[in-house]
Student: 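Okay, handing you the structure first.
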Amino acid sequence: MIDLRSDTVTKPTPGMRRAMAEAEVGDDVYGEDPAITALEERVADLFGHEAALFVPSGTMGNQIGMRLVCEPGQEVLCDADAHVVTYEMGAAAAVFGISTRTVVSSGGLLDAGALIDQVRPRGDWHLTATAAVAVENTHNRGGGRVQPLAELERLFAWSRDAGVAVHLDGARIWNASVAAGTDLATYGRLADTASVCLSKGLGAPVGSVLVASAERIAAARLWRKRLGGGMRQAGVLAAAGLYALDHHFARLAEDHEHARLLAKRLGVDPATVETNMVVVDDVPAPAVAEAAKARGVLVSQVSPRRIRLVTHLDVDRAAVDRAGDVLADLLDR
Ligand SMILES: Cc1ncc(COP(=O)(O)O)c(CN[C@H](C(=O)O)[C@H](C)O)c1O
């Protein structure tokens with residue numbers, strides 16, 4: 001099977017498994033796991049923040065990250081297609097009592113002005129106050145779009161004066177950094193809290209890292225424990241993340257090139273492919289997914305008329321070419 005459903009499907013490489021097996025571990029609830037500590041310190045430094053916390057998923061990283069900057073009964077404002085309100089099972093409301101309100105964007109593109117226009121102030125007895133804005137970079141349902149740095153800078157600058165926090169869903173911030181040539185600390189500086197995934201294109205089996213101030217990460221550690229996320233010898237997972245940072249970050253450019261090759265093969269404008277995702281619209285998604293599976297290719301159905309193809313570490317050039325041929329044949333491209 002050529003699995004293009006997501007970059008979440010990557011499996012640890014032999015080198016990563018060796019690093020996992022050799023990891024020095026301890027009880028992380030006591031703060032004694034050396035690999036976890038090393039990973040948290042390294043990721044905090046990469047993003048220019050004081051501290052970081054390893055969490056088992058991007059969903060937990062996002063949800064705790066938003067809770068750090070938004071009290072129950074206040075709201076987080078975000079894009080209508082953001083992962084935090086689309087795919088996280090309503091956790092903001094269900095777990096944290098946070099209200100979310102959305103603004104429709106053009107293909108996931110961050111429009112700072114449109115969000116700013118919707119923000120509601122604290123202190124008005126009629127209004128649910130907007131405590132934070134959540135941005136997503138790259139944007140998943142936007143087809144892996146990289147957010148324009150100018151928009152991120154505009155939103156953050158405004159948010160300092162407005163007393164509104166910014167949470168970054170940076171599940172694929174690595175892809176944005178490689179595609180845009182923007183360093184991670186620049187992105188980190190434009191968010192109060194950020195959740196970044198090791199388990200997507202970087203190819204680690206499990207885990208994300210939440211970065212923020214030391215005070216906020218201390219609070220995040222408490223929330224994680226409350227949710228049952230306190231981990232013991234999790235250094236075997238942290239070692240995978242450290243290995244991924246060393247060996248799988250720069251190569252993301254290869255996934256981006258593979259996505260562009262797929263786009264060309266399927267008659268999708270390669271200019272619309274900014275990172276490792278290709279979306280194909282106006283197709284009968286269930287039928288295409290089923291027919292493709294029968295021919296050894298797995299794709300995601302984003303909507304009844306849209307499929308998503310995600311390139312990643314476990315799909316090489318030969319597999320990309322073969323998948324492109326199968327899908328081009330199915331789609332008469
Ligand atoms: C932008 C963004 N933020 C957060 C997450 C959540 O990460 P996990 O909770 O799955 O680790 C994802 C996962 N995305 C997954 C995928 O793309 O296949 C599915 C849709 O959940 C994501 O795309």
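Every number for a ligand or one of its atoms is a count from 1 in the order of the listing. What you see is a predicted model; the values in this text were computed from it and never measured. Basis for what follows: all heavy atoms, side chains included, without hydrogens, waters or symmetry-related copies.
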Student: Identify whether the distance between the nearest side-chain nitrogen and carboxylate oxygen of Arg265 and Asp325 falls below 4.0 Å.
Tutor: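 Judged by the 4.0 Å cut-off on N to carboxylate O distance, Arg265 and Asp325 do form a salt bridge.
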
Student: For Phe156, does the six-membered ring have the charged nitrogen or CZ of Arg160 within the cation-pi criterion, i.e. under 6.0 angstrom from the centroid and within 45° of the normal?
Tutor: yes

Student: Is the closest side-chain donor-acceptor distance between His83 and Glu88 under 3.5 Å?
Tutor: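 Result is yes, a qualifying pair exists.
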
Student: Show me the donor-acceptor pairs, under 3.5 Å and distance only, between side chains in residues 211-225 and residues at least two apart or in other chains.
Tutor:
| unit_1 | atom_1 | unit_2 | atom_2 | d |
| --- | --- | --- | --- | --- |
| Ser213 | OG | Arg216 | N | 3.1 |
| Arg224 | NE | Gly229 | O | 3.4 |
| Arg224 | NH1 | Phe54 | O | 2.5 |
| Arg224 | NH2 | Asp28 | OD2 | 3.3 |

Student: What about Leu4 and Val302, same hydrophobic cluster or not, with Ile/Leu/Val/Met/Phe/Trp/Tyr joined at side-chain heavy-atom distances under 4.5 Å?
Tutor: no

Student: Between the protein and ligand 1, are there any N or O atom pairs that come within less than 3.5 Å of each other, and if so, what are their names and distances?
Tutor:
| unit_1 | atom_1 | unit_2 | atom_2 | d |
| --- | --- | --- | --- | --- |
| ligand 1 | 3 (N) | Asp169 | OD1 | 3.1 |
| ligand 1 | 3 (N) | Asp169 | OD2 | 2.8 |
| ligand 1 | 7 (O) | Lys200 | NZ | 2.9 |
| ligand 1 | 9 (O) | Gly58 | N | 3.4 |
| ligand 1 | 9 (O) | Thr59 | N | 2.9 |
| ligand 1 | 9 (O) | Thr59 | OG1 | 2.7 |
| ligand 1 | 11 (O) | Gly58 | N | 2.8 |
| ligand 1 | 11 (O) | Lys200 | NZ | 3.3 |
| ligand 1 | 14 (N) | His83 | NE2 | 3.4 |
| ligand 1 | 17 (O) | Asn140 | ND2 | 2.9 |
| ligand 1 | 17 (O) | Arg172 | NH2 | 2.8 |
| ligand 1 | 17 (O) | Arg308 | NH1 | 2.9 |
| ligand 1 | 17 (O) | Arg308 | NH2 | 3.4 |
| ligand 1 | 18 (O) | Ser6 | OG | 2.8 |
| ligand 1 | 18 (O) | Arg308 | NH2 | 2.9 |
| ligand 1 | 21 (O) | His83 | NE2 | 2.8 |
| ligand 1 | 23 (O) | Asn140 | ND2 | 2.8 |
| ligand 1 | 23 (O) | Arg172 | NH1 | 2.7 |

Student: State whether a side-chain donor-acceptor pair under 3.5 Å links Arg101 with Gln118.
Tutor: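 Arg101 vs Gln118: donor-acceptor pair found between side chains.
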
